[in-house]
Amino acid sequence: MSRRPARPAAYRPLARRFFARDAVVVARALVGCLLVHETPHGRLVGRIVETEAYRGPDDPASHAYRRTARSAIMYGPPGVAYVYFTYGMHWCLNVVTGSPGVPGAVLLRAVEPVEGAERMRRLRGVGPEVPAARLAAGPARLTQAFGVGPRHNGTDLTAPPLYLAAGGPRRGTVVAGPRVGIRAARDRWWRFGLAGSPALSRPFPRL
DNA sequence: ATCTAGATCGGCT
DNA sequence: GCCGATCTAGATG
């Protein structure tokens with residue numbers, strides 16, 4: 001019996017057309033996929049356990065609700081990174097969805113480390129008291145653990161060094177809930193997660 | 001378990 | 001000027 005090795009020599013990037021769909025569809029589909037960063041110091045890999053969809057002029061919570069210098073990238077081609085700065089100190093990573101003129105993006109909120117947990121620990125500046133599953137359990141923790149920052153804004157996420165990859169058959173159930181930190185449109189359940197994952201930024205409310 | 005404050009600054013009303 | 005698509009440490013039930 002030949003089985004998939006735990007640490008394959010390479011991962012298969014998701015094609016650009018994967019992202020050329022509605023943000024809500026892509027957000028749900030990305031749960032279980034992989035985030036890969038090939039750095040000079042080694043490869044960092046995490047399984048995506050939490051995402052959020054942000055759309056365009058119909059979504060008051062989205063940066064692309066209005067087209068501005070910052071949000072213009074969400075109006076561009078899909079499969080591109082949108083990295084923004086918030087709260088004076090944090091960076092968050094999105095992948096642009098839809099098609100030029102139809103804005104959208106998916107915020108990567110949490111991954112469970114698959115490869116490179118030790119390096120992630122150093123990048124986070126935390127010790128062994130933090131369990132591996134908590135190293136990238138939040139949008140700003142994720143970027144810090146993966147060494148992602150402003151230099152990645154506008155880069156292509158369908159090819160190395162920083163890319164998204166297929167994750168094989170999805171284990172577990174995808175659940176939905178209101179987006180975190182969003183007051184507007186709380187009835188739109190555009191936050192998706194792997195039910196019961198220890199790497200979620202926070203639990204999904206039971207309703 | 002749940003709350004609060006404080007850090008810190010770019011974007012945009 | 002105000003306010004975040006956040007995180008951490010510390011206090012309190």
Tell me whether the side-chain N/O atoms of [X] come closer than 4.0 Å to OP1 or OP2 in [N].
{"X": "A:Arg109", "N": "C:dT6", "value": "yes"}
{"X": "A:Arg124", "N": "C:dC7", "value": "no"}
{"X": "A:Arg66", "N": "B:dT13", "value": "yes"}
{"X": "A:His63", "N": "B:dG11", "value": "no"}
{"X": "A:Thr86", "N": "C:dA5", "value": "no"}

[options]: which one has an atom nearest the side-chain heavy atoms of [X]?
{"X": "A:Ala140", "options": "C:dC7, B:dA7, C:dA5", "answer": "C:dC7"}
{"X": "A:His90", "options": "C:dA5, B:dC9, C:dC7", "answer": "C:dC7"}
{"X": "A:Met89", "options": "C:dG4, C:dA5, B:dA7", "answer": "B:dA7"}

Practice task
Tell me what A:Tyr87 touches on the nucleic acid: a base, only sugar-phosphate, or nothing, going by heavy atoms under 4.0 Å.
Solution key: base
Practice task
Using a heavy-atom cut-off of under 4.0 Å over every strand shown, decide if A:Arg70 touches base, sugar-phosphate, or nothing.
Solution key: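 The answer is sugar-phosphate, as A:Arg70 gets under 4.0 Å only of primed atoms, P, OP1 or OP2.
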Exercise for the section: Tell me which of A:Ala64 and A:Gln144 sits closer to the 5' end of DNA chain C, going by the nucleotide each one is nearest to. Expected result: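 The answer here is A:Ala64.
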Handout entry: Salt-bridge criterion met for A:Glu112 and A:Arg47 (N-O under 4.0 Å)
Key =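 Judged by the 4.0 Å cut-off on N to carboxylate O distance, A:Glu112 and A:Arg47 do not form a salt bridge.
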Practice task
Please determine if A:Glu52 and A:Arg179 form a salt bridge, counting it only when a charged side-chain N lies under 4.0 Å from a carboxylate O.
Solution key: no
Exercise for the section: Classify the ring geometry between A:His63 and A:Tyr84 as parallel (under 30°), tilted (30 to 60°) or perpendicular (over 60°). Expected result: perpendicular
Nucleotide [N], atom [atom2] - distance to [atom1] of [X] in whole Å:
{"X": "A:Leu107", "N": "C:dT6", "atom1": "CG", "atom2": "C1'", "result": "11 Å"}
{"X": "A:Tyr82", "N": "B:dG10", "atom1": "OH", "atom2": "P", "result": "15 Å"}
{"X": "A:Arg191", "N": "C:dT6", "atom1": "CZ", "atom2": "P", "result": "10 Å"}
{"X": "A:Glu50", "N": "C:dA5", "atom1": "CD", "atom2": "P", "result": "15 Å"}
{"X": "A:Tyr84", "N": "C:dA5", "atom1": "OH", "atom2": "C1'", "result": "3 Å"}
{"X": "A:Leu93", "N": "C:dA5", "atom1": "CG", "atom2": "C1'", "result": "12 Å"}
{"X": "A:Trp91", "N": "B:dT8", "atom1": "CH2", "atom2": "C1'", "result": "13 Å"}
{"X": "A:Arg179", "N": "C:dG4", "atom1": "CZ", "atom2": "C1'", "result": "15 Å"}

Handout entry: Verify stack between A:Tyr54 ring and C:dA5 base, 5.5 Å, 30 degrees
Key =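 The ring of A:Tyr54 is stacked on C:dA5.
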Exercise for the section: Verify, without hydrogens or angle tests, whether A:Tyr75 (side chain) and A:Ala64 (backbone) share a donor-acceptor contact under 3.5 angstrom. Expected result: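 The answer is yes, because a donor-acceptor pair under 3.5 Å joins these two groups.
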Practice task
May I ask you to check if A:Arg21 and A:Phe18 form a cation-pi contact, with NZ or CZ under 6.0 angstrom from the six-membered ring centre and within 45° of the axis?
Solution key: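 Yes; both conditions hold, so A:Arg21 lies above the ring face of A:Phe18.
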Problem - cation_pi(A:Arg28, A:Phe192) dist<6.0 Å, angle<=45 - result: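 The answer is no, since A:Arg28 fails at least one limit relative to A:Phe192.
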Practice task
Any strand is fair game: report the nucleotide pairing with C:dA5 by Watson-Crick or G-U wobble, both distances under 3.5 Å, or none.
Solution key: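 Per the H-bond distance test, none.
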Problem - Mate of B:dT8 where both pairing distances stay under 3.5 Å, Watson-Crick or G-U - result: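 Across all strands, not a single nucleotide pairs with B:dT8.
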